[in-house]
Amino acid sequence: LHAQCLQCLQSPRMDLCHVPATREKGWYLALMAPNVKGPNYAWLDPSRLYCHPQGLQDCVADLLQPFQGDAIDMVAGVDAMGFILGAAAAATLQKGFLAIRKAGHLCVHTEAQPYSDYSGRQKLMEIRTDAITPGQPGVLPFWGAAGWAWSAQAQPLPPPGLRILLVDQWVETGGTMRAAIELVERLGGVVAAPCVPTGVAAICMESSEGGKWIQERYKCSHCVPPRLQPRFDQHQ
């Protein structure tokens with residue numbers, strides 16, 4: 001796979017029309033570009049995969065396949081690369097999309113959760129408080145003769161216990177995804193329960209301590225075939 005990635009990277013242009021005759025699960029992983037900038041970056045760059053129309057479609061289809069027939073109310077994506085796959089999954093499912101942001105970007109009431117990312121850096125993520133559980137009556141903007149004004153009225157909000165499918169690009173140490181799960185569940189959303197099989201999806205879920213913790217407790221989906229999992233775990 002790494003050799004295929006290098007071959008793709010060294011090509012002057014990516015052939016966006018080339019699709020293999022046999023599209024096995026994970027064929028699009030070879031579209032990802034390897035790290036050429038050193039240890040401060042992730043070992044692979046999946047964003048190259050998103051440029052390939054069939055590769056992106058097949059990746060999203062494979063991620064959603066284990067959840068076929070499951071009741072999913074909303075898709076949530078983790079800042080920032082989880083927004084791409086999460087929004088694509090939400091559009092495919094015809095569901096709404098909730099962005100879980102890095103701290104400091106949301107101008108509404110939020111809940112926050114500290115976490116350590118794959119590089120060990122301490123960070124803070126936030127989620128808006130009005131999308132998963134009912135809120136208090138508030139004010140809504142409306143357009144009047146004098147322009148935008150505010151009218152006090154109850155905000156129509158979804159019921160509690162929404163079944164959330166959490167999506168990120170990659171689960172390496174598991175710290176980022178665990179923080180996202182904590183936020184969703186703190187607000188009353190359901191990521192996994194005995195009769196509610198929503199869960200977590202990512203291109204790759206590494207067999208790290210944190211990755212195993214998530215896979216043992218939640219219904220998970222990823223795109224890496226079992227024969228390639230050891231190589232992804234070892235970043236080869």
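All values derive from a computational prediction rather than experimental measurement.
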According to a hydrophobic-cluster definition based on side-chain heavy atoms being under 4.5 Å apart (Ile, Leu, Val, Met, Phe, Trp, Tyr only), do [X] and [Y] belong together?
X	Y	value
Met32	Tyr118	no
Leu31	Trp43	yes
Trp213	Leu166	yes

With heavy-atom distances below 4.5 Å as the criterion, would you say the side chains of [X] and [Y] are in contact?
X	Y	result
Glu185	Val191	yes
Arg23	Gln54	yes
Gln65	Lys25	no
Val224	Gln229	yes
Pro225	Leu29	yes
His222	Val171	no

Could you state the interatomic distance from [atom1] ([X]) to [atom2] ([Y]), rounded to the nearest 0.5 Å?
X	Y	atom1	atom2	answer
Asp233	Glu172	CG	CD	10.0 Å
Tyr28	Gln57	OH	CD	12.0 Å
Ile203	Asp168	CD1	CG	9.5 Å
Asp79	Ile100	CG	CD1	9.5 Å
Arg101	Met125	CZ	CE	11.5 Å
Ile214	Ser208	CD1	OG	7.5 Å

Give the C-alpha distance, both sets of side-chain angles, the deciding distance and a yes or no for side chain to side chain contact (heavy atoms under 4.5 Å, CB included) between Leu49 and Cys59. CA-CA 9 Å; Leu49 181 164; Cys59 177; 4.1 Å; yes

Between [X] and [Y], which heavy-atom pair has the shortest distance, and what is it?
X	Y	answer
Leu63	Ala201	CD2-CB, 4.1 Å
Asp62	Cys223	CB-SG, 4.4 Å
Ala71	Arg163	CB-NH1, 3.2 Å
Leu44	Trp170	CD1-CH2, 4.1 Å
Gln113	Ala179	CG-CB, 3.7 Å
Phe67	Cys220	CZ-C, 4.5 Å

Restricting to salt bridge (Lys or Arg N to Asp or Glu O under 4.0 Å), what partner residues turn up for Arg121, sequence neighbours left out?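 Salt bridge (Lys or Arg N to Asp or Glu O under 4.0 Å) list for Arg121, sorted by chain: Asp117.
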
Restricting to salt bridge (Lys or Arg N to Asp or Glu O under 4.0 Å), what partner residues turn up for Asp45, sequence neighbours left out?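 With sequence neighbours excluded, Asp45 shows a salt bridge (Lys or Arg N to Asp or Glu O under 4.0 Å) to no residue whatsoever.
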
Check for a donor-acceptor pair, side chain of Lys219 on one end and backbone N or O of Pro66 on the other, with a separation under 3.5 Å.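 Indeed, once roles are kept as given, a pair shorter than 3.5 Å links the two residues.
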
In the hydrophobic clustering that connects Ile, Leu, Val, Met, Phe, Trp and Tyr at side-chain heavy-atom distances below 4.5 Å, which members other than Leu106 occupy its cluster, ordered by chain and number?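 Result for Leu106 is Val108.
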
State which residues pass side-chain contact (heavy atoms from CB on, under 4.5 Å) with Leu56; sequence neighbours excluded, sorted by chain then number.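 With sequence neighbours excluded, Leu56 shows a side-chain contact (heavy atoms from CB on, under 4.5 Å) to Tyr50, Val60, Leu85, given in chain and number order.
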
Around atom NE2 of His109, are there more than 12 heavy atoms from other residues, nucleotides or ligands closer than 6.0 Å?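 Check fails, neighbour count at 12 or below.
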
Can you tell me if CD on Gln234 sees more than 12 non-hydrogen neighbours from other groups inside 6.0 Å?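 Result for CD/Gln234: enclosed.
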
Would you be so kind as to tabulate the donor-acceptor pairs closer than 3.5 Å made by side chains of residues 88-98, with sequence neighbours excluded?
unit_1: Thr92; atom_1: OG1; unit_2: Ala88; atom_2: O; d: 2.9
unit_1: Lys95; atom_1: NZ; unit_2: Ile72; atom_2: O; d: 3.4

Kindly indicate, with the supporting measurements, whether the criterion side chain to side chain contact (heavy atoms under 4.5 Å, CB included) is fulfilled by Val19 and Asp58. CA-CA 11 Å; Val19 178; Asp58 287 356; 5.7 Å; no

Can we say Glu182 and Arg186 salt-bridge, meaning some charged N sits less than 4.0 Å from an Asp/Glu carboxylate O?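 A salt bridge links Glu182 with Arg186.
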
Results of ring-ring contact (aromatic ring centres under 6.0 Å, His included) for His52 - residues two or more places apart only: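 In terms of ring-ring contact (aromatic ring centres under 6.0 Å, His included), with neighbours along the sequence ignored, His52 is linked to Trp27.
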
